[in-house]
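This report concerns only the one structure given below.
Counting from 1, the numbers follow the sequence of the chain as shown. Note that this is a predicted model, so its numbers are computed, not measured. Atoms within each ligand, like the ligands themselves, are counted from 1 in listed order.
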Amino acid sequence: QLPPIDGDFYDLDLKLTQEQRAIQMKVRNFMQDEVEPIANDYWKKAKFPMEIIPKLAALNICGVAYKGYGCPDLPFIMEGIIAEELARVDVSISTFFGVHSGLAMGSIYLCGSEEQKEEWLPRMQKMELIGAFGLTEPNVGSAVAGGMETTCKLEGDEWILNGQKKWIGNATFADVTIIWARDETSNKVKGFLVRKGTPGFTTEKIEDKMALRTVQNAIITLKECRIAEKDRLQNANSFRDTAKVLRMTRAGVAWQAVGCARGAYENALKYTKKREQFGKPIASFQLIQNHLVEMLSNLTAMKTMVYRLSELQDQGLLTDEHASLAKVFCSLRIRDVVSQAREVMGGNGILLEYNVARFVADAEAIYSYEGTKEINTLIVGRAITGYSAFV
Ligand code: FAD
């Protein structure tokens, strides 16, 4: 009898309550039964499996840590566990979900008025309406806080939006896209709920990505796009409010990195026990065991870190730099884990059907989105030294 294949070596999931564990298992079973069999095919075709949206909705996991508006109101640790379980099988699905439940619903939850929350969150929680989040632009990525080119201008009771956004996940089919724009008068960043089909709002799918191919990322063009004042996020008054959303979702991205690393490690371990060379399973070779143990060490360090991150979040103590440190560490470590997972599989490591190659590619997107390694490093660097090294 060979030992079990499980990336939770320190049994951190024993910290969960029975109810939380049951949710984790529900998500795990869904991902294994419904998503794993189709994940490579959709990734290859660069299409999104729209048919899984009602099944995901039935899991009742959207806005899992938000209070009210039909949301489950569970601890933030569950948001992390869900991100991990989704990414452990398919990082694209985890990203789709993170954009909808974290970035889009989170913007409304943290920056919307009571009426806006009532209007959008219950239907988004049930995934009857899908959200996107438009912050990054073609000319401005890391420097978006100070350099945003998309503008908004108030005319009567309407805002006029002009500009472009790039990389916006879900935007090609989303019912609502949160658009961040700089007010021409006050120079402050404001947020808008832009409904699907609004005149002057167009999307163009970004083709030929080598990572997260299942996620539909778009370039959005806003041309004299008119948005009613009632659809401006009423409590988003400057980029500080946008940053509150990012602090929350960056913690989720660190958990996604854990899921990505865990998926690659577990698939690679399984493979090494089956694959034989020189008449023995390759798992019995010392050099292969060295790779596996290094992967597991990284994975265990990452998972321990994100558990603490979520505890801080649940205690209301999470800072930007806490979230950034986890994002930096976990996105550096996944590169190491997925590349060793690929390595122990030899040539098969680069074939999609062996279920490691997709993690290798997708890790590259986690590495760059929601703040690159450099930007999150500078956020922590500023906090510990008192000096800002951004410019
Ligand atoms: P740039 O800002 O051009 O950076 C290029 C390089 O320069 C990086 O290595 C960066 O770290 C480095 N750099 C920049 N400034 C400094 C500095 N001061 N010091 C040192 N190094 C520096 N955005 C959204 O708004 N919504 C989405 O849904 C979304 N989804 C995404 C999905 C994917 C797959 C990807 C790849 C991106 C997505 N993004 C999204 C955008 C993402 O957040 C940006 O790609 C990211 O913030 C980096 O911006 P950039 O790509 O323009 O790189």
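Donor-acceptor pairing under 3.5 Å is recorded for the side chains of Trp43 and Asp362. Looking only at atom types and distance, the side chain of Asn40 has no donor-acceptor partner in the side chain of Tyr354 under 3.5 Å away. A donor atom on one side chain and an acceptor atom on the other are not found under 3.5 Å apart for Glu374 and Ser142.
Within ligand 1, the atoms closer than 4.0 Å to a non-hydrogen atom of Phe390 are 18 (N), numbered from 1 in the order shown. Heavy-atom proximity to Ile168, at under 4.0 Å, picks out these atoms of ligand 1: 24 (C), 25 (O), 26 (N), 27 (C), 28 (O). Ligand-side atoms of ligand 1 in range of Ser368: 46 (C), range being under 4.0 angstrom from any heavy atom. Short contacts between ligand 1 and Glu370, defined as distances under 4.0 Å to a heavy atom of the residue, involve ligand atoms 43 (O).
At least one cation-pi condition fails for Arg382 and Phe390: the charged atom is not both under 6.0 angstrom from the six-membered ring centre and inside a 45 degree cone around its axis. No cation-pi contact links Lys280 to Phe278, judged by a cut-off of 6.0 Å to the six-membered ring centre and 45° from its axis. Stacking of Lys117 on the aromatic ring of Tyr109 is recorded, both the 6.0 Å distance cut-off and the 45° axial limit being met.
Salt bridge Lys205/Glu207: present, at least one basic N to carboxylate O contact under 4.0 Å. Of the charged side-chain nitrogens involved, none lies within less than 4.0 Å of a carboxylate oxygen, so that Lys188 and Asp183 do not count as a salt-bridged pair.
Atom 6 (C) of ligand 1 is never approached by the protein to below 4.0 angstrom, counting heavy atoms only.
In this structure, Cys111 and Trp180 approach most closely via the heavy-atom pair SG-CH2, 4.3 Å.
Inter-residue side-chain proximity for Tyr265 and Val356 is flagged as unmet; no heavy-atom pair is nearer than 4.5 Å.
Among protein heavy atoms, atom 17 (C) of ligand 1 sits closest to Leu378 CD1, 3.9 Å. Closest to atom 28 (O) of ligand 1, if we only count protein heavy atoms, is Gly169 N, 3.0 Å. Counting protein heavy atoms only, atom 33 (C) of ligand 1 is closest to Tyr369 CD2, 3.7 Å. Regarding atom 9 (O) of ligand 1, its nearest protein heavy-atom neighbour is Glu374 OE1, 3.3 Å.
Applying the side chain to side chain donor-acceptor pair (under 3.5 Å) rule to Glu266 yields the partners Arg88, Arg262; only residues at least two apart in sequence or on another chain are considered.
In terms of polar-atom proximity, defined here as any N/O pair under 3.5 Å, Thr372 does make such a contact with ligand 1. Geometrically, ligand 1 and Phe133 share a nitrogen or oxygen pair separated by less than 3.5 Å.
Compare Val215, Thr95, Thr136 by their heavy atoms: the one nearest to atom 42 (C) of ligand 1 is in Thr136. The heavy atom nearest to atom 36 (C) of ligand 1, out of those in Trp180, Trp167, Tyr367, is found in Trp167. Evaluated by nearest non-hydrogen atom to atom 2 (O) of ligand 1, the leading choice among Gly141, Ser142, Ala365 is Ser142. Nearest-heavy-atom check against atom 16 (C) of ligand 1 across Ile375, Thr377, Val140, Asn376 picks out Ile375.
Only the side chain of Asn217 comes within 4.0 Å of ligand 1, counting heavy atoms alone; its backbone N, CA, C and O stay farther away. Under 4.0 angstrom from ligand 1, there are no non-hydrogen atoms of Leu103. When non-hydrogen atoms are compared, ligand 1 lies under 4.0 Å from neither the backbone nor the side chain of Lys165.
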